[in-house]
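Structure first, then comments.
Just the heavy atoms: all of them, side chains too, but no hydrogens, waters or symmetry mates, feed the values below.
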Amino acid sequence: MLLAMGEQRSTESLFRLAVDRLSAFEEVSLVRIWLIKEGDICSSCLMADECPSRELCLHLVASAGHSSRNEALDWSRLDGKFKRFPMGVRKVGHIAATGQPVVVESIPEDSKWIAYPEWAKEEGINGFAGQPMRFHGEILGVLAVFTTTRINKPALDILQILANHAATALVNARAFEQIEDLKRQLEAENSLLREELSETSFYGGFIGRSLALQRIVQQIDLVAPTDANVLIQGESGTGKELVARELHQRSKRNNKPLIKVNCASVPKELFASEFFGHVKGAFTGAHANREGKFGAANQGTLFLDEVGEIPLELQAQLLRVLQEGEYERIGEEKVRKVDVRVIAATNRDLQKEVEAGRFREDLYFRLNVFPITVPPLRARREDIAPLAEYFLKRSLKAMNRPPLRFNPEQLAQLVEYNWQGNVRELQNIVERFAISSIAGAARVELFSGIGGESRSCSKPAVSAGGDAVLTEEEMIRLQEHNIAKALARCKGKIYGPDGAAALLGLKPTTLSTRIRKMNIRRVAK
C-alpha cells in the first residue's frame with residue numbers, strides 16, 4: 001500500500017487508493033480523509049457557531065466503508081454532516097489544530113470524542129483513531145478510521161506511518177498535478193501562437209506584396225535550411241525579430257528552442273552569467289545554478305537582438321563560443337560543448353562600427369556569414385495598406401468590435417506618411433485609430449500628436465473609416481490620384497532624392513512607365 005501511494009500522480013487517485021485499501025480490512029468499518037483548505041461554506045456550515053476564525057477548515061475529500069446493518073448505505077459520500085470541520089472543533093478539528101492524534105481504544109468505555117455513540121453501538125464500532133497527516137512539520141490533513149475492534153498500540157503505529165506517508169504522497173501528487181496544469185497551459189499557449197502565426201502569413205510570417213519583402217523571403221528560404229550565422233540589419237521597428245523567427249521556423253532546428261537575448265539590456269557585470277550561466281555560490285547573489293542563454297539554446301537557435309550594443313571589451317567572450325563551440329560557466333572549470341545557430345540583429349551599420357573601432361572585425365565576420373537587410377517601411381510603400389488593414393482587423397478583434405475598414409482617403413494618407421518608426425509606428429497609429437473609432441468620434445486624426453508635418457508628406461486630418469470595399473477601377477483611380485499629388489508636390493520632377501519617385505518609394509523608371517500608362521499629366525518643372 002505504501003509503494004502504491006507513492007506512485008499516484010493525482011490527489012484523487014491517491015485518496016481513493018488509501019481509503020479503499022484500508023476499508024478492505026475486515027476490522028475497519030469506515031475510513032475518511034480531510035484536508036486543510038480555506039473555508040468555503042461558512043454561511044451554511046452546521047458548525048459555523050463553533051468556528052473560531054472562519055478562515056481555514058477541514059474538507060472531507062475521501063470516504064469509504066461498509067455498514068454492518070444496512071448494505072444499501074453509501075459511506076463514500078462526501079456531502080454529509082461532517083463534510084467540513086472547523087479548525088480546533090470536535091475530534092477531527094482538534095487533531096488538525098494540535099497535531100496530536102486522538103485515539104479511542106474502546107468507544108463503549110470512552111465516548112467523549114464520538115458525536116453519535118448510538119450510531120457506533122448500532123454499527124458495532126468499538127474503536128476510533130485519527131492521525132495528523134504531517135509533512136516537514138506542516139499539518140496537511142487528518143486520516144481517521146473507525147474499527148470493530150479495540151485500537152491497540154501496534155495498529156496505532158501502523159496508522160501513523162500510513163498518515164505520514166500519505167502526506168508525502170499528497171505533496172508528490174500535487175506537484176505532478178501542477179506540472180500537468182502547466183503542460184496544458186503551455187500547449188494551449190502554443191496552439192494560440194500557432195494560430196496567430198498562421199493568420200498573419202502572406203509570405204511565411206510577413207504581410208505585404210512589395211518586391212523588397214519578396215526578396216527578404218527568398219533570402220530566408222535560401223539560408224534557413226543551413227546552419228550559417230545570419231546578420232539582420234535595419235532600422236528600429238522594421239521587423240528584424242520576425243525575420244529571425246522565420247529563419248528558425250524554416251530551419252531544421254525548428255523543434256528546438258529559439259532563445260532571444262536583448263544585448264542592450266544586459267549589464268556588463270552580468271554579461272557572462274547571462275550568456276554562459278553560473279554555478280551556485282560563484283558570486284554574491286548566485287543562490288542557484290543558472291543555465292545561461294547558450295546552454296538553453298543548445299541544438300536550437302540563439303537570437304542576439306541589438307548585438308551592436310555589446311561593449312567592445314566583452315565581445316571576445318562571445319567570439320570564443322562562436323569559434324570553438326564551447327564555454328565555461330562562472331565558478332565552474334568544466335568546459336561545455338554547445339551546438340547553437342546564431343542569428344544577430346542590429347539597427348547600427350556594423351561595418352562602420354568596425355571602422356570606428358567600436359566592434360571587433362573578427363566577430364563581425366563571424367556574425368555576417370549571410371546578411372539580410374530589412375528596408376524601412378517608407379521604402380516599401382506597397383506593404384503599408386495590407387499591414388494597416390491587418391493591424392486594424394487584429395485590434396478590433398481583440399476589442400471584440402465589429403469589422404471596420406479604412407476609406408480610400410485614409411489609405412492614401414497612410415501610404416504617403418513618412419514612417420520613421422516603421423512597422424511598429426504603423427501598428428501603434430492603427431491601434432489608436434481603432435480605439436478612437438470605438439469611442440464614436442465623428443472625425444479621427446490618424447497622425448494627431450506625433451510631431452507635426454515634418455514626419456508626414458501631407459496634412460493628416462482624416463475622417464473615420466467606413467466599410468467600403470474598393471473595386472479594381474477605384475484602386476487604379478486612387479493610384480492615379482496619389483501619383484498626381486506626388487508629381488504636383490515635386491513640381492513634375494521624377495528623378496533624384498527630391499523627386500516623385502523617391503517620395504513614392506518607386507524606381508524612377510517604374511514611375512515613368514506608370515505615368516505613361518495612366519496618361520497622367522506632369523506639372524511643369
Side-chain angles (χ1 to χ4, degrees), residues 134-140 167-168 171-172 174-179 181-183 185-186 189 229 231-232 236 240-241 244-245 248 253 256-348 350 353-354 356-364 366-367:
R134 193 190 310 269
F135 179 78
H136 287 184
E138 180 184 1
I139 308 302
L140 304 181
T168 303
V171 173
N172 188 53
R174 283 175 171 172
F176 277 114
E177 287 178 337
Q178 185 177 15
I179 291 171
D181 288 342
L182 292 173
K183 181 180 177 182
Q185 181 181 347
L186 181 60
E189 290 175 354
N229 295 336
L231 178 62
I232 308 168
S236 295
K240 297 187 291 296
E241 183 175 347
R245 290 188 180 278
H248 177 72
R253 299 172 180 262
K256 297 297 182 179
L258 169 65
I259 304 298
K260 175 185 174 182
V261 186
N262 188 320
C263 301
S265 66
V266 180
K268 290 183 180 181
E269 59 273 13
L270 296 180
F271 181 87
S273 173
E274 182 73 17
F275 280 89
F276 311 124
H278 61 253
V279 297
K280 182 179 179 180
F283 52 85
T284 302
H287 301 301
N289 292 338
R290 183 186 179 115
E291 180 71 21
K293 299 299 185 182
F294 272 94
N298 191 32
Q299 303 295 320
T301 304
L302 182 63
F303 176 44
L304 303 178
D305 196 11
E306 300 189 55
V307 69
E309 304 298 327
I310 298 178
L312 183 64
E313 62 270 22
L314 300 176
Q315 293 173 17
Q317 298 181 42
L318 181 59
L319 178 64
R320 179 202 170 190
V321 70
L322 294 181
Q323 288 178 330
E324 309 296 336
E326 59 185 34
Y327 67 95
E328 297 175 12
R329 289 181 180 178
I330 298 176
E332 184 179 65
E333 297 182 358
K334 177 182 177 181
V335 176
R336 296 175 177 268
K337 292 288 185 179
V338 67
D339 175 18
V340 169
R341 197 251 186 101
V342 174
I343 299 173
T346 180
N347 56 11
R348 296 188 179 189
L350 287 192
E353 294 294 300
V354 170
R358 291 188 293 267
F359 201 86
R360 292 179 64 109
E361 185 177 35
D362 45 7
L363 178 57
Y364 170 68
R366 278 285 172 183
L367 296 173

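- Two residues are said to be in side-chain contact when any heavy atoms from C-beta on lie closer than 4.5 Å; Q317 and F275 fail this criterion.
- Nearest approach of A344 to V307, heavy atoms of both residues: CB-CG1, 3.9 Å.
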Subject >> CA sep, side-chain torsions, deciding dist, call: R329, E291, salt bridge (charged side-chain N to carboxylate O under 4.0 Å, His left out) >> reply: CA-CA 8 Å; R329 289 181 180 178; E291 180 71 21; 3.1 Å; yes
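- Here the shortest heavy-atom pairing between V279 and G331 reads CG2-O, 3.3 Å.
- Shown here is E361, whose CD atom has no more than 12 heavy atoms of other residues, nucleotides or ligands within 6.0 Å.
- Below 30°, between 30° and 60°, or above 60°: for Y327 and F294 the angle between ring planes is between 30° and 60°, a tilted geometry.
- Taking CD from E313 and CZ from F271, the interatomic distance works out to 10.0 Å, rounded to the nearest 0.5 Å.
- One distance of note links CG of L314 with CG of L363; it measures 11.5 Å at 0.5 Å rounding.
- Residue Q178 places its CD atom among 12 or fewer non-hydrogen atoms of other residues, nucleotides or ligands, all under 6.0 Å distant.
- T346 OG1 to L367 CG: the interatomic distance, rounded to the nearest 0.5 Å, is 10.0 Å.
- L304 has its side chain within reach of L318: a pair of non-hydrogen atoms, C-beta onward, lies under 4.5 Å apart.
- Here the side chain of D339 pairs no donor or acceptor atom with the backbone of Q299 at under 3.5 angstrom.
- Among all heavy-atom pairs drawn from I330 and A272, the shortest one is CD1-CB, 3.7 Å.
- R320 places a side-chain heavy atom less than 4.5 Å from the side chain of E326.
- Checked by atom type and distance alone, the side chain of Q315 never pairs as donor or acceptor with a backbone atom of F359 at under 3.5 Å.
- Closest approach of C263 and I310 over heavy atoms only: CB-CG1, 3.7 Å.
- Taking CZ from R290 and CD from E274, the interatomic distance works out to 4.5 Å, rounded to the nearest 0.5 Å.
- Proximity of a side-chain donor or acceptor of H248 to a complementary backbone N or O of K256 within less than 3.5 Å is detected.
- The shortest heavy-atom contact between R348 and G308 is NH1-O, 3.4 Å.
- For N229 (side chain) and I343 (main-chain N/O), no donor-acceptor pair under 3.5 Å exists by modelled atom type.
- Using modelled atom types, no side-chain atom of H287 and backbone atom of G281 make a donor-acceptor pair closer than 3.5 Å.
- The structure places CD of E138 at 5.0 Å from CG of L140, a figure rounded to the nearest 0.5 Å.
- Side-chain contact between K293 and K260 is absent, with no heavy-atom pair separated by less than 4.5 Å.
- The side-chain heavy atoms of R360 and R366, taken from C-beta on, include no pair separated by under 4.5 Å.
- The shortest non-hydrogen separation linking A297 to P257 is CA-CG, 4.4 Å.
- Taken to the nearest 0.5 Å, the CD atom of E353 stands 8.5 Å off from the CD atom of E309.
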